[in-house]
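Report on the structure given below.
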There are 2 protein chains.
Amino acid sequence: MNAPKTARERARATITADIIATARRHLADVGAADLSLRAIARDLGMASSAVYRYVAGRDELLTALLLDAFNELGTVVEHAPRPEASPLDNWTAVWLHARQWALDHRHEFALLYGTPVPGYHAPADTVTAASRLPLTLAKILNDAADTGRLTDPATPLPDFDLTMIEPEIVALITLRVRDARLAALLSAWTLLIGTIGFELFGHHTGVVTRHEDYLRHTARVTGTGLGLPAT
Amino acid sequence: MNAPKTARERARATITADIIATARRHLADVGAADLSLRAIARDLGMASSAVYRYVAGRDELLTALLLDAFNELGTVVEHAPRPEASPLDNWTAVWLHARQWALDHRHEFALLYGTPVPGYHAPADTVTAASRLPLTLAKILNDAADTGRLTDPATPLPDFDLTMIEPEIVALITLRVRDARLAALLSAWTLLIGTIGFELFGHHTGVVTRHEDYLRHTARVTGTGLGLPAT
DNA sequence: TCCGAATAAAGAGCAGTGCTCTCGAAAGGT
DNA sequence: ACCTTTCGAGAGCACTGCTCTTTATTCGGA
């Protein structure tokens, strides 16, 4: 976070922000595949070649949008739980808020969880931004465990080899229970994104009628399966 | 399936097949985003404009590849179960075969389940081809129920409103049990695709170490949760 | 204050894309 | 043999990402 001092640096920062802002608008309109650097330049009233003084290229621009979207989704889901609500309700709220954000930002969601762009490599800050959603899910489980509201699962836990998961992730999640529920938590995260993606990408047309109800049901089943008590 | 009679129709069919075949080769190489009609024409030694006599455009070509890939994946997973194996083993085999096909056809998988192409509308034959995978999963459950090898789930079934699911799907699956396991079956399908997609699209890098073991574990947990007895 | 250096802006240009149109050549049926 | 349909090829249009060169503007130090 270098504070801009000179007027040049100020102008540079604002112009770069302008470019990214209009890029996000265009992304929301036409999607990542049809995002055109020239169209962005036209919209800003500058020559297309001038954009390259602020952005290395199309891929870097998409990476910036990726980071923005991950953080926006992360902020949304982190504000979904409420302290006075039950863990299962908070768990479900995260699912529904994530879906709502995806519905309101279809192309951004597709950029995050759809087909990655051909020449893509995830920088470090990207993965931390992407982790905010699964970490929010883990936090609900941990808070429930800390307040004695995480019951043992009814079904016996299957054999589970913890070395399937990266040790850093195990430490990062700091899940109170280190059994098969760790894998179940990853599956819940996957199922959340997968269900939203199936709805948005059309795989549920002709299959699911009431999408929100279906996701809420799935959230509750998954949450109770992980040991969150039904209210 | 109109059998070609005249020599013209024969030549037309073979050339069209050639175009689709090389398109699939290129798709496997560079992915759907970088699929170039001109490159395909070059590869076939014909002018790019001549391709348009056989294919309406890039989108129609991608739709053809979509159909091909869905059917190939469907054939693979339909041949995964073996009669003498236990239902749970067959269930798991479908998961692992689907993953292996996806690993061997990354770009095809991305075309099927990744971000849909901008100007896309799923024709009817596409949805039937896409249904072969979830129907294979349903068939294993039904066969297990018919042979008395589908136990009642240990956890009590949550409230479930069947009207969330399209009636045609309910009839098509003809699941022996019409309770919340119908939604659980859809979730299993979603989780299978989602887990494979997360692995292929990089969301599991730094999270999951042994991907095949993780998917096998997820398959077994999901299968037993649906009532398939552990061997 | 002036002047050199750093920076920005703009335009031209290259290689590539999807797609359309036109025109000549080949093949088909009558 | 003729006429019609089909086919192949090329030119061309409107785009795209990106680079290079040239001109203009701004900044900082003497």
Side-chain angles (χ1 to χ4, degrees), chain A residues 2-20 22-23 25-27 29-66 107 111 116-121, chain B residues 2-20 22-23 25-27 29-66 107 111 116-121:
Chain A
N2 300 336
K5 302 206 306 179
T6 79
R8 263 224 166 101
E9 287 173 348
R10 291 180 71 84
R12 216 188 146 69
T14 61
I15 290 184
T16 309
D18 281 356
I19 291 175
I20 293 181
T22 66
R25 282 199 348 257
H26 283 197
L27 171 68
D29 278 4
V30 301
D34 292 341
L35 188 74
S36 162
L37 244 155
R38 291 177 113 111
I40 294 170
R42 268 195 302 272
D43 201 344
L44 286 171
M46 63 170 97
S48 68
S49 57
V51 179
Y52 286 86
R53 243 160 243 282
Y54 301 91
V55 166
R58 217 185 85 109
D59 282 14
E60 187 188 286
L61 196 57
L62 281 178
T63 303
L65 299 181
L66 199 79
H107 288 129
L111 177 64
V117 290
Y120 124 107
H121 57 292
Chain B
N2 301 336
K5 301 208 302 181
T6 78
R8 264 230 167 100
E9 286 173 349
R10 292 181 69 86
R12 221 191 140 68
T14 60
I15 291 184
T16 309
D18 281 356
I19 290 175
I20 293 182
T22 66
R25 281 198 351 255
H26 283 197
L27 171 67
D29 278 4
V30 301
D34 292 340
L35 188 72
S36 162
L37 243 155
R38 291 178 112 111
I40 294 169
R42 268 195 304 271
D43 201 343
L44 286 171
M46 64 171 97
S48 68
S49 57
V51 179
Y52 286 85
R53 304 245 163 217
Y54 301 91
V55 166
R58 214 185 88 109
D59 282 14
E60 187 186 286
L61 197 57
L62 281 178
T63 304
L65 299 182
L66 198 80
H107 289 128
L111 178 64
V117 290
Y120 123 106
H121 57 293

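Proteins get letters first, then strands, A, B, ... in listed order; numbering begins at 1 in each. The structure presented is a predicted model; accordingly, all values stated were derived computationally and were not measured. What's counted below: heavy atoms across the whole structure, side chains too, no hydrogens, waters or symmetry copies.
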Less than 4.5 Å apart, side chain to side chain, heavy atoms only: is that true for [X] and [Y]?
| X | Y | value |
| --- | --- | --- |
| A/Asp29 | A/Arg25 | no |
| B/Val51 | B/Ile40 | no |
| B/Ile15 | B/Arg53 | no |

As a test of reading the structure: which of [options] is closest to the side chain of [X], going by heavy atoms?
| X | options | result |
| --- | --- | --- |
| B/Ser49 | C/dA9, C/dG13, D/dA9 | D/dA9 |
| A/Arg58 | D/dT16, D/dC18, D/dA9 | D/dC18 |
| A/Tyr52 | D/dC18, D/dG8, C/dG18 | D/dC18 |
| B/Thr6 | C/dA9, C/dG29, C/dG13 | C/dG29 |
| A/Arg42 | D/dA11, D/dT16, C/dA8 | D/dT16 |

Problem set entry | Distance-minimising heavy-atom pair for A/Asp43 and A/His26 |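 Residues A/Asp43 and A/His26, closest heavy atoms: OD2-NE2, 2.9 Å.
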Problem set entry | Where B/Leu65 and B/Ile20 come nearest, the two heavy atoms and their spacing |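 Here B/Leu65 and B/Ile20 meet closest at CD2-O, 3.8 Å.
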Problem set entry | 5'-most by nearest nucleotide on DNA chain C - B/Arg8 or B/Ser48 |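 Here B/Ser48 is the residue nearer the 5' end.
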Scan [X] against the nucleic acid and name what it touches under 4.0 Å (heavy atoms): base, sugar-phosphate only, or nothing.
| X | value |
| --- | --- |
| B/Ile15 | sugar-phosphate |
| A/Leu35 | sugar-phosphate |
| A/Ser36 | sugar-phosphate |

For [X] and [N], give me the distance from atom [atom1] to atom [atom2], rounded to whole Å.
| X | N | atom1 | atom2 | answer |
| --- | --- | --- | --- | --- |
| A/Asp34 | D/dC15 | CG | P | 14 Å |
| B/Leu44 | D/dA9 | CG | C1' | 15 Å |
| B/Ile40 | C/dG16 | CD1 | P | 16 Å |
| B/Arg38 | D/dA9 | CZ | C1' | 13 Å |
| B/Met46 | D/dC7 | CE | P | 12 Å |
| A/Asp18 | C/dA9 | CG | P | 12 Å |
| A/Arg10 | D/dC27 | CZ | C1' | 16 Å |
| B/His26 | C/dG16 | NE2 | P | 15 Å |

For this session: May I ask you to verify if any side-chain N or O of B/Arg12 is less than 4.0 angstrom from the OP1 or OP2 atom of D/dC7?
Result: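 Answer yes for this pair, as a side-chain N or O of B/Arg12 is under 4.0 Å from OP1 or OP2.
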For this session: State whether the distance check finds a donor on one side and an acceptor on the other, under 3.5 Å, for side chain B/Arg53 versus base D/dG8.
Result: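 Looking at the base of D/dG8, it does pair with a donor or acceptor on the side chain of B/Arg53 (distance under 3.5 Å).
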